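See structure below.
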Amino acid sequence: ISATSRWGWKRVVSFGLERLQAIASLIVQCTQQIEGSEMFRMKKSIVTPGLLAALCLVLLPALGTPAQAQCVGFEYCELVWSDEFDGDDLDTWSKWEYQIGDGSSEGLPRGWGNGELQWYTDQNTTVADGFLTITARKETVEPSFQYTSARIRTKYRAEWTYGRMEMRAKFPVGRGFWPAFWMLPSDQTIYGTWAASGEIDIVENIGSEPETISGTIHYGGQWPNNSFKGEEYTLESGTFADDFHVFAIEWEENEIRWYVDDVHYATQTEWNSTGGPYPAPFDVDFHFLLNLAVGGNLPGPPNFETQFPAD
């Protein structure tokens with residue numbers, strides 16, 4: 001199966017009948033919306049009472065200055081993919097896939113390689129009234145893990161190179177909470193395993209610092225020879241738990257820009273990969289991940305003040 005764009009042929013490889021059907025469904029949806037367009041780029045939007053809701057990708061214009069949020073009020077921005085969470089369950093047929101467990105099934109050390117304390121399940125999400133909610137609970141469903149939460153991804157269902165991705169969300173408050181909206185490459189055979197293959201963190205929040213978010217890229221060599229760089233954004237008043245905010249990146253061939261509520265707060269133009277020449281690793285298809293971690297190397301464990309359930 002293939003789709004065309006101004007960037008040339010984009011080949012979609014089948015990963016079995018189930019993956020093939022999911023990809024075909026996505027291509028049908030996107031083809032209807034991008035027919036006649038010269039560019040194939042993206043935007044995304046999420047709204048959630050806890051973590052997220054309403055994801056979308058839009059075409060970036062062919063022209064535009066790096067200093068502005070190009071898809072805000074720009075007449076050439078066209079929607080190419082979205083999930084408005086308008087049903088009563090997560091669409092695991094054509095859009096999302098749950099990741100279950102502690103990461104060992106993905107070849108990672110237990111705790112998803114970050115020392116996380118939760119066990120991911122397919123029972124910690126709800127979809128209702130146009131919202132997707134991810135809920136972290138203090139409960140044991142697997143020995144050694146005292147918490148549960150959810151982690152979902154679009155791998156094999158929706159993957160892109162370049163574009164604008166955005167999420168409208170608010171986050172929980174409390175030590176130990178670590179919500180993230182991020183991207184990983186869909187084919188790690190191209191440049192190698194993490195982080196030679198890259199990672200784009202569109203937004204992360206630490207529950208003990210509810211007024212501050214960050215945007216980061218990971219690159220360089222394969223772990224432990226990896227590198228990263230990022231920037232933080234802090235609200236002048238209030239927290240990211242008080243109300244919804246829009247978090248976005250605009251990703252082009254040699255530049256990635258980060259926004260909060262259309263305020264441009266970070267730009268990255270320099271990176272590298274031991275697996276290939278610049279602009280590797282950020283020149284291949286990446287997919288979305290959405291999760292609410294509990295504990296881990298970055299936020300530390302929950303304490304006696306951390307309230308559960310949280311979303």
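All values below come from the heavy atoms of this structure, side chains included, with hydrogens, waters and symmetry mates left out. Note that the structure is a prediction, hence the values are computed from the model and not measured.
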Decide yes or no for Ile134 and Asn291: does some side-chain heavy atom of the first lie under 4.5 Å from some side-chain heavy atom of the second?
no
Is the backbone N or O of Arg257 less than 3.5 Å from a side-chain atom of Thr267, with the two atoms forming a donor-acceptor pair by type?
no
Just checking, is any N or O donor in the side chain of Gln146 or Thr140 under 3.5 Å from an acceptor N or O on the other one?
no
Examine Trp112 together with Tyr120 and report whether their ring centres are nearer than 6.0 Å.
yes
So, Thr125 versus Tyr98: side-chain donor-acceptor pair below 3.5 Å or not?
yes
Test log, rule side-chain contact (heavy atoms from CB on, under 4.5 Å), inputs Thr161 and Phe282
CA-CA 8 Å; Thr161 305; Phe282 302 116; over 6 Å; no
Write down the atom of Leu117, the atom of Pro302, and the distance for their closest heavy-atom approach.
CD1-CD, 3.9 Å
If I take atom CG from residue Leu290 and atom CG from residue Leu132, how far apart are they, to the nearest 0.5 angstrom?
7.5 Å
If only atom types and distance count, is the side chain of Tyr259 paired as donor or acceptor with the main-chain N or O of Glu250 below 3.5 Å?
no
Does the side chain of Trp178 reach to within under 4.5 Å of the side chain of Val294, using non-hydrogen atoms?
no
Is the count of non-hydrogen atoms from other residues, nucleotides or ligands lying under 6.0 Å from Glu106 atom CD greater than 12?
yes
When you compare the side chains of Asp83 and Trp96, does any donor N or O come within less than 3.5 Å of an acceptor on the partner?
yes
Could you give the distance from OG (Ser105) to CZ (Arg110), rounded to the nearest 0.5 Å?
11.0 Å
For the side chain of Asn272 and the backbone of Tyr219, is there at least one donor-acceptor N/O pair under 3.5 Å apart?
no
Please report the shortest heavy-atom distance between Val127 and Gly87, naming the atom on each side.
CG1-O, 3.5 Å
Is the backbone N or O of Thr306 less than 3.5 Å from a side-chain atom of Asn303, with the two atoms forming a donor-acceptor pair by type?
yes
Given Ser186, which partner from the list Arg153, Glu159, Arg157, Lys155 fulfils the side-chain hydrogen bond (donor to acceptor under 3.5 Å, both in side chains) test?
Glu159
Closest non-hydrogen contact found for Ser149 with Gln118 is CB-CG, 4.1 Å
If you take all heavy atoms of Asn254 and Pro279, which pair is closest and at what distance?
OD1-CB, 4.0 Å
Near-ring test Phe240/Phe247, centroid separation under 6.0 angstrom
yes
Is there a donor-acceptor pair closer than 3.5 Å between any side-chain N or O of His245 and the backbone N or O of Asp261?
no
Examine distances only and state if a side-chain atom of Arg175 and a backbone atom of Glu305 form a donor-acceptor pair shorter than 3.5 Å.
no
If we count only N and O atoms by modelled type, under 3.5 Å, do the side chains of Thr148 and Thr121 hold a donor and an acceptor together?
no
Between Phe286 and Trp182 (judged by ring centroids, cut-off 6.0 Å), do the two rings come close enough to count as a pair?
no
Quick check against the 3.5 Å criterion: does Thr216 have a side-chain atom that pairs as donor or acceptor with the backbone of Gly230?
no
Are Glu232 and Ser214 linked by a side-chain donor-acceptor pair shorter than 3.5 Å?
no
With a 4.5 Å heavy-atom cut-off, do Leu90 and Phe85 have their side chains touching?
yes
So which atom in Gly113 and which in Asn297 form the shortest heavy-atom distance, rounded to 0.1 Å?
O-ND2, 4.2 Å
Between Tyr147 and Glu139, is there a side-chain donor-acceptor contact under 3.5 Å, judged purely by atom types and distance?
no
Answer yes if the ring centres of Trp271 and Tyr278 are under 6.0 angstrom apart, and no otherwise.
yes
Could you walk me through whether Met167 and Val203 satisfy the side-chain contact (heavy atoms from CB on, under 4.5 Å) test, starting with their C-alpha distance in whole Å, then the side-chain angles of each, then the deciding distance to 0.1 Å, before giving a yes or no?
CA-CA 9 Å; Met167 172 177 80; Val203 61; 3.4 Å; yes
Working for side-chain contact (heavy atoms from CB on, under 4.5 Å), residues Asn124 and Arg137
CA-CA 8 Å; Asn124 290 66; Arg137 302 186 181 99; 3.2 Å; yes
Sub-4.5 Å side-chain heavy-atom contact between Leu298 and Ile206:
yes
Less than 4.5 Å apart, side chain to side chain, heavy atoms only: is that true for Arg151 and Leu289?
yes
Once rounded to the nearest 0.5 Å, what's the spacing between atom CD of Glu253 and atom CG of Asp283?
7.5 Å
Does some side-chain heavy atom of Ile217 sit less than 4.5 Å from a side-chain heavy atom of Lys229?
yes
Measure the spacing between CG of Leu108 and OG1 of Thr193 and express it to the nearest 0.5 Å.
10.0 Å
Minimum side-chain heavy-atom gap Trp160-Thr154 below 4.5 Å:
yes
Val246 with Val263, same ILVMFWY side-chain cluster at under 4.5 Å:
no
Stepwise, does the side-chain contact (heavy atoms from CB on, under 4.5 Å) test hold for Tyr265 with Glu231?
CA-CA 8 Å; Tyr265 76 93; Glu231 300 288 342; 4.3 Å; yes
Is there a side-chain contact between Ile202 and Met183 (heavy atoms, below 4.5 Å)?
yes
Quick one: pull up OH in Tyr191 and OG in Ser273 and give me the separation to the nearest 0.5 Å.
7.0 Å
Are a donor atom and an acceptor atom from the side chains of Thr133 and Asp311 found within less than 3.5 Å of each other?
no
Does atom CD of Glu142 have more than 12 heavy-atom neighbours from other groups under 6.0 Å away?
yes
Should the pair His218 and Trp194 be assigned to parallel (<30°), tilted (30 to 60°) or perpendicular (>60°) ring geometry?
tilted
Phe177 and Phe308 aromatic ring geometry - parallel, tilted or perpendicular at 30°/60° bounds
perpendicular
Verify, without hydrogens or angle tests, whether Asp102 (side chain) and Gly111 (backbone) share a donor-acceptor contact under 3.5 angstrom.
no
Shortest non-hydrogen separation from Trp119 to Ile100 and the atoms involved:
NE1-CG2, 4.3 Å
Between CD on residue Glu211 and CG on residue Asp242, distance to nearest 0.5 Å:
10.5 Å
Answer with yes or no whether the hydrophobic clustering places Ile200 together with Val260; edges join I, L, V, M, F, W, Y residues whose side-chain heavy atoms lie under 4.5 Å apart.
yes
